[in-house]
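This is a predicted model, so every value here is computed, not measured. Per chain, numbering begins at 1; letters A, B, ... match sequence-line order.
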2 protein chains.
Amino acid sequence: MQRKTNRERTETTRARLLEAGRALFVSKGYADTGTPEIVATADLTRGALYHHFPDKQALFAAVVETEAAAVAAEIEQAVPMTLDAVSALLTGGEAYLSVMQQQGRARLLLLDGPSVLGRARMDEIDDAHGNRTLREGLEAAMNAGALKPLPLDALTVALGAMFDRAVLALIDGGDLRDQMAVLGAVIKGLQK
Amino acid sequence: MQRKTNRERTETTRARLLEAGRALFVSKGYADTGTPEIVATADLTRGALYHHFPDKQALFAAVVETEAAAVAAEIEQAVPMTLDAVSALLTGGEAYLSVMQQQGRARLLLLDGPSVLGRARMDEIDDAHGNRTLREGLEAAMNAGALKPLPLDALTVALGAMFDRAVLALIDGGDLRDQMAVLGAVIKGLQK
DNA sequence: TTGCATACATGCAGCCTGTATGTTAATTAA
DNA sequence: TTAATTAACATACAGGCTGCATGTATGCAA
């Protein structure tokens, strides 16, 4: 009589590794978090970790991906679908600034992520989650004729960078009103 | 009869450590560069390194600072003082994109730098070099009435972020024309 | 039920960082 | 000038961490 199927075991173990990894990565950063500490937090051994992930970096990538998905979900939830295109952009932007301030999300997704995984890998993750939302918003606005026609990918990247940087500025004591004034002015300047 | 004064020794040793560190940091990144390899490249021992720098991170910080200064100098040289404010911004921006593509400068200054040293420390360095140029350009443009009045610091940070991100996009195969189209449109949109 | 694969745990080897200690040469004091 | 001191390194060591290799027990499939 079996207590647990292998599939269940794997699932819960992976979940606990991800949770423990997330907790430590956001609070202490990637470099200062050791695998012994991660598995201790998860009440496991390093054997389990290296059974489920090829290396520490792979666990980190999984954590980043999960977190990016969570951020994207929280934002989509915060933007009512009734808004016009430009308002949706601004509302989504403000939601992003708010959502990204939680815990060490900024360090995880904006500092360690690009450095550890590389910008190319990070782009893939962003494109699958956060940036996708932004691009769709921009595309809708351009199609509605509210924005000047511009290369969509480049525009997405540029605006995304501004919002990311605003998040970091806010964390380091920047003024929200100032940041939003600039972001708003840039978007306004791009309207037709 | 002395062959070398202590001051000279220190100076050349520090210079060689910085040079070796730079070469390795830009080509392999911070995490994958060990101090044994650095000192071997510099034909020294780890004793010398730890005599001149408290730790590996401090050497890295010194390398970053030196490189940031070099970038700033190259840009100022590329922008003729005869240009009007907005043209100077665009010219300087293009110079920045070009200058930052050398070697692994982007990784050093845009990826590893913020992650290893933290955004706050990195801001200090930027403010002393690259961002200073940008801020002065923006201030001049605003004072000349060419740009809408906006919080200067926030605007500097936002535009700087766009240019930084454009650099990374170009390295990963992005199209220069697209990037410049967006950057130009944003700046145009901020004109009065 | 019997053989294999899965899901781990344990133990090991190599590397790296930071520090403590030694040694030589330059600088200062007497 | 010479003795004492300090600076500039080199060498040796301790601790920790990563990745892999090996061991073990349990689910699973034939």
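Atom CG of A/Leu150 sits about 9.5 Å away from atom CG of A/Leu138, to the nearest 0.5 Å. For the atom pair CZ (B/Arg105) and CZ (B/Arg22), the distance works out to 6.5 Å, reported to the nearest 0.5 Å.
By the 6.0 Å contact criterion, CD on B/Glu37 is enclosed, its count of non-hydrogen atoms from other residues, nucleotides or ligands being greater than 12.
Side chains of A/Asp55 and A/Tyr50: no donor on one and acceptor on the other come within 3.5 Å.
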A/Arg135 and A/Asp126: CA distance, side-chain angles, deciding distance, salt bridge (Lys or Arg N to Asp or Glu O under 4.0 Å) verdict: CA-CA 11 Å; A/Arg135 182 188 350 260; A/Asp126 279 346; over 6 Å; no
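Proximity of A/Thr10 to the phosphate of C/dA7: a side-chain N or O atom is located under 4.0 Å from OP1 or OP2. Contact annotation: B/Thr13 reaches the phosphate of D/dC9 (side-chain N/O to OP1 or OP2, under 4.0 Å). In this structure, B/Thr35 reaches the C/dT17 phosphate: one of its side-chain N or O atoms is under 4.0 Å from OP1 or OP2. The phosphate of D/dG27 (OP1 or OP2) has no side-chain N or O of A/Thr5 nearer than 4.0 angstrom.
We find that A/Asp112 and A/Lys28 are not joined by a salt bridge, their nearest charged nitrogen and carboxylate oxygen being 4.0 Å or further apart. Using a 4.0 Å cut-off between a side-chain N of Lys or Arg and a carboxylate O of Asp or Glu, A/Asp32 and A/Arg107 do not qualify as a salt bridge. A salt bridge links A/Glu124 with A/Arg121: at least one charged nitrogen is closer than 4.0 Å to a carboxylate oxygen. Of the charged side-chain nitrogens involved, at least one lies within less than 4.0 Å of a carboxylate oxygen, so that B/Arg132 and B/Glu76 count as a salt-bridged pair.
In this structure, A/Ile38 places its CD1 atom 15 Å from C1' of D/dG16, rounding to the nearest Å. Here the P atom of nucleotide C/dC16 and the CG atom of A/Asp32 are 18 Å apart, to the nearest Å. Atom-to-atom, CG of B/Leu24 to P of C/dC16 comes out at 12 Å; the value is rounded to the nearest Å. One interatomic measurement links the two molecules: CD of A/Glu8 to C1' of C/dT6, which rounds to 15 Å at whole-angstrom precision. Following rounding to the nearest Å, B/Asn6 (CG) and C/dT24 (P) show an atom-to-atom distance of 16 Å. Whole-Å rounding puts the A/Tyr30 OH to D/dC17 P distance at 14 Å.
Where A/Arg7 and B/Gln57 each meet DNA chain C at their nearest nucleotide, the meeting point lying more 5' is that of A/Arg7. Heavy-atom distances to DNA chain C give each of B/Gly34 and B/Arg9 a nearest nucleotide, and the one nearer the 5′ end belongs to B/Gly34.
For the segment residues 42-55 of chain B, residues with any heavy atom less than 4.0 angstrom from an atom of DNA chain C are, sorted by number, B/Arg46, B/Tyr50, B/Asp55.
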Tabulate atom names and distances for all N/O pairs under 3.5 angstrom spanning the protein and nucleotides 28-30 of chain C.
none

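Looking at heavy-atom distances under 4.0 Å, A/Thr33 makes contact with sugar-phosphate atoms alone, never a base.
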